[in-house]
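Written out below as structure tokens is the structure these notes cover.
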Amino acid sequence: QVQLVESGGGLVQAGGSLRLSCAASGSTFRNYNMGWFRQAPGKEREFVAAIATSGAATTYTDSVKGRFTIARDNGKSTVYLQMNSLKPEDTAVYYCNAEYVAGINQKYTYWGQGTQVTVSS
């Protein structure tokens with residue numbers, strides 16, 4: 001089982017940047033696909049970005065492509081989300097996600113507690 005702790009959220013003006021970090025502990029970090037999700041008030045949690053175990057493959061939701069970058073440091077057991085050109089619609093609680101694929105149709109998913117990102121116009 002892995003424990004996840006996010007940090008780096010805050011208040012920023014539109015057009016600004018923030019870098020979120022998610023520190024993992026309790027298990028072998030490099031075995032987990034990592035991701036970021038977000039949830040705005042009154043909305044469902046949505047996928048933002050993900051990175052494979054080795055860091056070789058990344059994927060993003062269309063609304064953040066070209067503005068956000070996900071990266072991981074397996075030596076530090078940390079995943080990052082660099083967010084540039086922030087927009088008010090990026091305002092949400094951002095959650096770190098870890099996924100362990102144990103076998104066919106067998107996945108284990110873990111979540112952090114979330115960090116608030118607020119973008120003012």
Side-chain angles (χ1 to χ4, degrees):
Q1 189 170 356
V2 63
Q3 291 79 46
L4 305 171
V5 179
E6 301 100 331
S7 61
L11 174 63
V12 65
Q13 289 187 334
S17 298
L18 283 174
R19 188 177 81 155
L20 305 183
S21 299
C22 173
S25 62
S27 190
T28 306
F29 180 74
R30 64 178 179 272
N31 291 339
Y32 291 80
N33 297 312
M34 300 298 298
W36 288 95
F37 288 69
R38 65 187 180 187
Q39 187 167 19
K43 294 186 177 181
E44 294 187 353
R45 190 173 298 188
E46 66 171 356
F47 169 78
V48 176
I51 187 166
T53 54
S54 67
T58 58
T59 184
Y60 300 90
T61 192
D62 285 346
S63 64
V64 309
K65 285 180 180 177
R67 300 189 298 122
F68 291 11
T69 302
I70 188 170
R72 66 188 295 160
D73 185 335
N74 285 344
K76 295 183 178 180
S77 298
T78 301
V79 62
Y80 306 96
L81 185 68
Q82 178 66 45
M83 306 186 294
N84 298 329
S85 302
L86 282 161
K87 304 175 181 180
E89 51 263 44
D90 294 319
T91 295
V93 177
Y94 283 71
Y95 295 91
C96 179
N97 167 275
E99 178 189 78
Y100 178 72
V101 181
I104 297 174
N105 297 322
Q106 189 174 13
K107 296 180 181 179
Y108 299 92
T109 301
Y110 304 92
W111 296 92
Q113 82 288 350
T115 186
Q116 176 70 47
V117 171
T118 303
V119 184
S120 63
S121 57

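Note that the numbering runs from 1 along the sequence shown for the chain.
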Q. Any sub-3.5 Å donor-acceptor pair from N33's side-chain atoms to T53's backbone N or O?
A. yes

(Q) Using 0.5 Å steps for rounding, measure from the CD atom of E89 to the OG atom of S63. (A) 8.5 Å

Q.
For a 4.5 angstrom cut-off between non-hydrogen side-chain atoms, does R67 reach Y60?
A. no

Q. Just by modelled atom types, is the V119 backbone N or O under 3.5 Å from a matching donor or acceptor in the T91 side chain?
A. yes

Q. Which heavy-atom pair separates A92 from A40 by the least distance, and what is that distance?
A. CB-N, 3.8 Å

Q. So how far is it from Y94 OH to C22 SG, rounded to the nearest 0.5 Å?
A. 15.0 Å

(Q) What's the separation between atom CZ in F68 and atom CG in L20, rounded to the nearest 0.5 Å? (A) 8.0 Å

Q. Looking at residues at least two apart in the chain, or sitting in another chain, which of them share a side chain to side chain contact (heavy atoms under 4.5 Å, CB included) with T28?
A. R30, N31

**Q.** Co-members of Y80 in a cluster of I, L, V, M, F, W and Y side chains, linked at under 4.5 Å
**A.** none

Q) So, do W36 and C96 sit near enough that their side-chain heavy atoms are less than 4.5 Å apart? A) yes

Q.
Under the rule for side-chain hydrogen bond (donor to acceptor under 3.5 Å, both in side chains), what residues qualify as partners of T61, not counting sequence neighbours?
A. none

Q: Please collect all side-chain hydrogen bond (donor to acceptor under 3.5 Å, both in side chains) contacts where either partner lies in residues 6-20, sequence neighbours excluded, each pair once.
A: E6-Q113, S17-N84

Q: Please list all pairs passing the salt bridge (Lys or Arg N to Asp or Glu O under 4.0 Å) test where one or both residues lie in residues 111-121, with sequence neighbours left out.
A: none

Q) Between L81 and V64, is there a shared hydrophobic cluster once you connect ILVMFWY residues whose side-chain heavy atoms come closer than 4.5 Å? A) yes

Q: Would you give the length of the straight line joining atom CG of L18 to atom CD of Q82, rounded to the nearest 0.5 angstrom?
A: 8.5 Å

Q: Give every residue pair that meets the salt bridge (Lys or Arg N to Asp or Glu O under 4.0 Å) criterion with at least one member in residues 93-108, sequence neighbours excluded.
A: E99-K107

(Q) Once salt bridge (Lys or Arg N to Asp or Glu O under 4.0 Å) is applied, what residue pairs with a partner in residues 34-57 remain, sequence neighbours excluded? (A) R38-E46, R38-D90

Q: With sequence neighbours excluded, tell me which residues meet side-chain hydrogen bond (donor to acceptor under 3.5 Å, both in side chains) with T118.
A: Q116

Q) What distance separates T69 OG1 from M83 CE, expressed to the nearest 0.5 Å? A) 11.0 Å

Q: List, by chain and number, the other hydrophobic cluster members for L11, where Ile, Leu, Val, Met, Phe, Trp and Tyr join if side-chain heavy atoms come within less than 4.5 Å, directly or indirectly.
A: none

Q | Residues that, via side-chain heavy atoms closer than 4.5 angstrom, fall in one hydrophobic cluster with V101 | A | none

(Q) According to side chain to side chain contact (heavy atoms under 4.5 Å, CB included), who are the partners of V2, at least two apart in sequence or on a separate chain? (A) L4, A24, S27, Y32, A98, Y110

Q: Determine whether V93 and F37 fall in the same hydrophobic cluster, where Ile, Leu, Val, Met, Phe, Trp and Tyr are linked whenever their side-chain heavy atoms lie under 4.5 Å apart.
A: yes

Q: First locate atom CZ of F47, then atom CG of N97, and finally report the distance between them rounded to the nearest 0.5 Å.
A: 9.0 Å

Q.
Test of understanding: with side chain to side chain contact (heavy atoms under 4.5 Å, CB included), list the residues that count as partners of A57, not counting sequence neighbours.
A. A52

Q: Treating Ile, Leu, Val, Met, Phe, Trp and Tyr as nodes and any side-chain heavy-atom pair under 4.5 angstrom as an edge, say whether F29 and V5 lie in one connected cluster.
A: no

